Amino acid sequence: MLDLRHIRENPEAVASALARRGGSIDLAPLLERDAECRRMASEAEALKAEQNRASGRIAEARRSGADATEMLAAMKQIGDRQKALAEQVKTLEELVRNELLLLPNLPDASVPDGGGEADNVELRRVGTPPRFDFVAKPHDELGEALGLMDFTRAAKISGARFASYSGALARMERALAAFMLDLHTSEHGFTEVVAPYLVNARAMLGTGQLPKFADDLFKVTEDDLYLIPTAEVSVTNLFADEVLPGEQLPIRLAAFSPCFRREAGSYGKDTRGLIRQHQFHKVEMVTLVRPEESEAALERLTGCAEAVLKRLNLAYRVITLCTGDMGFGSARTHDIEVWLPAQDRYREISSCTNFRDFQARRAGIRFKDAGGKPQLVHTLNGSGLAVGRALVAVMENYQRVDGGIDVPEVLQPYMGGLKVIHRP
RNA sequence: GGAGGAGUGGCCGAGUGGUUGAAGGCGGCGGUCUUGAAAACCGUUGAGCGCAAGCUCCGGGGGUUCGAAUCCCUCCUCCUCCGCCA
């Protein structure tokens, strides 16, 4: 959520920053409503003040045994007017807030302009894509040929975009997750955390999934809970409505969790294989920092995600998303894309974002600065990494001519020393 | 799921309709004392909105009243007992 005061004071700057994301947003109606709201609020406050003073006088009169009936009648009227006015203020405030909740974050000045994917800027390429002297197969073909991946049976019980895999592939999923968590906790200073997979609307609002993106979420209507699309939601909201002691920052948490996404509007995209599923696993890194540290924290976070790919010896590139391709709450995002031989291109495997105070304002996450004043933190998060897609990358990059899959060295200890996956 | 109890400031805890944003204690901060520290003593110490006056906030929402932390309704959370259960 944007700072309403900042919009009031810099309407043109905000409008032009928002325009960089594409589309056009007219802030005038919002500002008018806000001004109207504040006019009425100060009127209501004046009435309330009068009421409070009179209340004191009535109390005094009562004590001294004087007659207060006249005052009572007068106050009744003022009270009614005050109440009506206050109600209108509340309605207006809610309206303003609801509009505010629909505004995306302001892109950082350093973010490249652009309308979509094509305008993203590549920062660096790391590693060399492997060369095969045979035609590289897609992971789903490899998996099914190995008899370890089954989309048909998964569809039987859950429909499209669900998968089942077994044996060494299932174990590799677990190995990848464990490897990632171990790396982040032992070398990158993250603390591992388990948090709820079902959360309430307040949490979804805090990180920005609601109210705008309800269609992307699975909802359990019976209990008014949502399945998390990423652990970012539960982990970040762990600190909602808190004022953290300044010395606790930075907070770095890593969480493994399943993620659930309806993928509404992605019909026909990535219909084969594990790339785009309704349910997948991800290790998520969440960082809470002081405002002046968030820029550096984004680079650090990106580096932590990259470290996983380096250890797995997978080729990747890092790109900065342009204004038109960034997520709703993002001020600046780096995507990491891993090389997929069968697709002959890089595909997203991690997204690292600096939200600045956008989420903190929605969720109410603050810290006490040196002066003892509560101030909004900056929040960041990044995939470290998407486990399903990491499995895809390993399968495709480590495939053998015989249809087997070599197990990356760093994963072997997690797989009982297994070096090659063959058809059982 | 059933029965009962409770939700007050960073924490503990008083407060059952009238200057109570809220006694007291702990903790924090500042000071006195001390070579220094501890102890003791004194002072100070919530947040949001507003240029300010001022207004709001005692789990959330609603109601009664001139006036509510205090009364009523409702929801949520926690605790105890019973039931069920990975």
Side-chain angles (χ1 to χ4, degrees), chain A residues 1-10 30-31 33-101 194-206 210-211 220-226 234 237-249 251 257-258 288 357 360-377:
Chain A
M1 188 162 65
L2 301 180
D3 182 4
L4 182 55
R5 211 177 337 170
H6 182 251
I7 301 178
R8 250 179 232 148
E9 288 163 10
N10 315 276
L30 169 71
L31 288 171
R33 230 189 298 284
D34 172 50
E36 169 73 3
C37 178
R38 296 205 301 154
R39 266 196 303 278
M40 293 178 75
S42 71
E43 198 182 327
E45 275 180 17
L47 278 179
K48 186 69 185 176
E50 189 182 340
Q51 205 179 347
N52 286 345
R53 280 192 297 271
S55 252
R57 284 198 296 274
I58 291 170
E60 252 174 76
R62 272 262 188 118
R63 257 195 302 275
S64 62
D67 178 54
T69 47
E70 212 170 293
M71 281 195 262
L72 290 186
M75 284 328 291
K76 171 79 177 154
Q77 268 196 326
I78 292 182
D80 286 348
R81 224 171 79 216
Q82 198 283 136
K83 203 176 275 185
L85 209 52
E87 220 163 283
Q88 288 181 64
V89 169
K90 202 175 164 190
T91 307
L92 272 176
E93 266 172 359
E94 223 165 282
L95 255 141
V96 168
R97 180 176 160 78
N98 287 342
E99 286 179 54
L100 222 45
L101 285 172
V194 174
Y197 304 147
L198 287 161
V199 303
N200 57 30
R202 167 84 175 83
M204 288 294 186
L205 198 107
L210 287 179
V220 183
T221 42
E222 180 74 18
D223 298 284
D224 247 329
L225 292 169
Y226 297 84
S234 354
N237 280 292
L238 244 24
F239 304 97
D241 294 319
E242 289 192 32
V243 180
L244 304 160
E247 60 272 17
Q248 244 177 57
L249 299 176
I251 292 175
S257 88
L288 273 58
D357 61 12
R361 184 170 293 108
R362 287 173 166 248
I365 310 176
R366 297 176 294 170
F367 73 102
K368 273 215 164 111
D369 62 21
K373 284 287 148 211
Q375 201 186 329
L376 294 171
V377 302

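It should be emphasised that the depicted structure is a prediction, and the values quoted were computed from it without experimental measurement. Lettering follows sequence order; numbering is per chain, from 1.
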*Between rA52(B) atom C1' and Arg38(A) atom CZ, what is the distance in whole Å?*
14 Å
*Atom CZ of Arg5(A) and atom C1' of rC51(B): how far apart are they, to the nearest Å?*
12 Å
*asked:* If I compare all heavy atoms of Leu225(A) with all of Asn200(A), which pair ends up nearest, and what's the gap?
replied: CD2-N, 3.8 Å
*Identify, between Lys368(A) and Glu60(A), the residue whose nearest nucleotide on RNA chain B lies closer to the 5' end.*
Glu60(A)
*Under 4.0 angstrom, heavy atoms only, what part of the nucleic acid is Arg8(A) near: base, sugar-phosphate, or nothing?*
sugar-phosphate
*Could you write nucleotides 53-71 of chain B as a row of B, S and -, 5' to 3', where a protein heavy atom under 4.0 Å of any base atom gives B, of only sugar-phosphate atoms gives S, and otherwise -?*
BBSS----SS-SBBS----
*asked:* Between Leu288(A) and Ile365(A), is there a side-chain heavy-atom distance shorter than 4.5 Å?
replied: yes
*asked:* Within the 4.5 Å heavy-atom criterion, are Asn98(A) and Leu101(A) side-chain neighbours or not?
replied: yes
*Using the P atoms only, state how far rA47(B) lies from rC11(B), rounded to an integer number of Å.*
13 Å
Enumerate donor-acceptor pairs with a distance under 3.5 Å from any side-chain N or O in residues 41-61 of chain A to protein atoms, sequence neighbours excluded.
from, atom 1, to, atom 2, distance (Å)
Ser42(A), OG, Arg39(A), O, 3.1

*Under a 3.5 Å cut-off for both distances, is rG17(B) Watson-Crick or wobble paired, and to whom?*
none
*asked:* Between C1' on rA47(B) and CZ on Phe367(A), what's the gap in Å once rounded to a whole number?
replied: 16 Å
*Can you tell me how far P in rG10(B) sits from the matching atom in rA23(B), rounded to whole Å?*
14 Å
*Scan every strand shown for a Watson-Crick or G-U wobble partner of rC78(B), both distances under 3.5 Å, and answer none if you come up empty.*
rG5(B)
_I'd like the C1' distance from rC76(B) over to rC66(B), given in whole Å._
32 Å
*Given the P atoms of rC73(B) and rU20(B), what is the spacing between them in whole Å?*
29 Å
*Tell which nucleotide pairs with rG43(B), taking only Watson-Crick or G-U wobble pairs whose two distances are both under 3.5 angstrom.*
rC29(B)
*For nucleotides rC49(B) and rA3(B), find the distance between their C1' atoms and express it as a whole number of Å.*
45 Å
_Spacing between Leu376(A) atom CG and rG48(B) atom C1', to the nearest angstrom_ = 12 Å
*Please give the nucleotide sitting opposite rA37(B) as a Watson-Crick or G-U wobble pair, both distances under 3.5 Å, or none.*
none
*Expressed in whole Å, how much space separates the C1' atoms belonging to rC51(B) and rG18(B)?*
32 Å
*Heavy atoms, side chains only, cut-off 4.5 Å: are Asp223(A) and Leu198(A) in contact?*
no
*asked:* Regarding Arg202(A), tell me which of base, sugar-phosphate or nothing describes its non-hydrogen contacts under 4.0 Å with the strands shown.
replied: nothing
*Nucleotide opposite rC71(B) in a Watson-Crick or G-U pair, distances under 3.5 Å*: rG63(B)
*Reckon Arg57(A) touches a base, only the sugar-phosphate, or nothing at all at heavy-atom distances under 4.0 Å?*
nothing
*Using whole Å, report how far NZ of Lys373(A) lies from P of rG10(B).*
13 Å
*With the side chain counted from C-beta on, respond yes when Arg202(A) and Asp241(A) share a heavy-atom pair under 4.5 Å apart, and no when they do not.*
yes
*Pairwise side-chain contact, Asp357(A) with Val377(A), heavy-atom cut-off 4.5 Å (strictly under)*: no
*Distance, P atom - from rA69(B) to rG61(B), rounded to whole angstrom*: 13 Å
_Rounding to an integer number of angstrom, what distance separates rG2(B) and rA68(B) when you compare their C1' atoms?_
33 Å
*When all nucleic acid strands are considered with a 4.0 Å heavy-atom cut-off, which category describes Pro374(A): base, sugar-phosphate, or nothing?*
sugar-phosphate
*How about Glu93(A) and Val89(A): do any of their side-chain heavy atoms sit closer than 4.5 Å?*
yes
